[in-house]
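Everything below concerns the one structure shown next.
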Amino acid sequence: MAEALCDEHAAELLREFTAGRREELSAVLAPWVPAAELDLAVDQAFGVLWYRLLLGHAPVDRSPARSLAALLVRQLQSA
């Protein structure tokens with residue numbers, strides 16, 4: 001990741017790649033998340049994905065995705 005960010009072309013592709021996905025998730029979460037907390041909620045969701053991809057300490061598959069979604073729903077309901 002650090003190397004990709006040092007390369008202008010790769011960094012731009014990565015920004016474009018993540019920006020589109022952040023916009024999509026933001027649109028899904030917007031009805032339930034206060035505007036001031038929306039970026040943080042999106043960071044939380046994608047943080048798990050990137051953390052697991054970069055460090056490889058645990059799999060990225062449906063089980064953690066379902067657990068994360070359930071956790072986010074509970075957090076949003078209690079907010």
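Once rounded to the nearest 0.5 Å, the distance linking CZ of Phe46 with OG1 of Thr18 reads 8.5 Å. The line from CZ of Arg52 to CG of Asp61 is 7.5 Å long, rounded to the nearest 0.5 Å. Note that the CG atom of Asp39 and the CG atom of Leu29 stand 11.0 Å from one another [nearest 0.5 Å].
Taking 4.0 Å as the cut-off between side-chain N and carboxylate O, Arg15 and Glu12 count as a salt-bridged pair.
Side-chain heavy atoms closer than 4.5 Å link hydrophobic residues (I, L, V, M, F, W, Y) into clusters, and following such links, even through other members, never connects Val48 to Leu54. Clustering ILVMFWY residues whenever any of their side-chain heavy atoms sit less than 4.5 angstrom apart, transitively, puts Trp50 in a cluster other than the one holding Leu71. Transitive grouping of hydrophobic side chains (ILVMFWY, heavy atoms separated by less than 4.5 Å) brings Trp32 and Leu25 into a common cluster.
The number of heavy-atom neighbours closer than 6.0 Å to CD of Glu3, taken from other residues, nucleotides and ligands shown, is 12 or below.
The two residues Pro59 and Pro64 make their nearest non-hydrogen contact at O-CG, 3.6 Å. The minimum heavy-atom distance linking Leu68 with Ala45 is given by the pair CD2-O, 3.4 Å.
Here the options are Val42, Leu40, Leu38, Val28, the test is side chain to side chain contact (heavy atoms under 4.5 Å, CB included), and the partner is Val33; only Leu38 passes.
Remark: His9 pairs with no residue by the ring pair (Phe, Tyr, Trp, His ring centres under 6.0 Å) rule, at least two apart or across chains.
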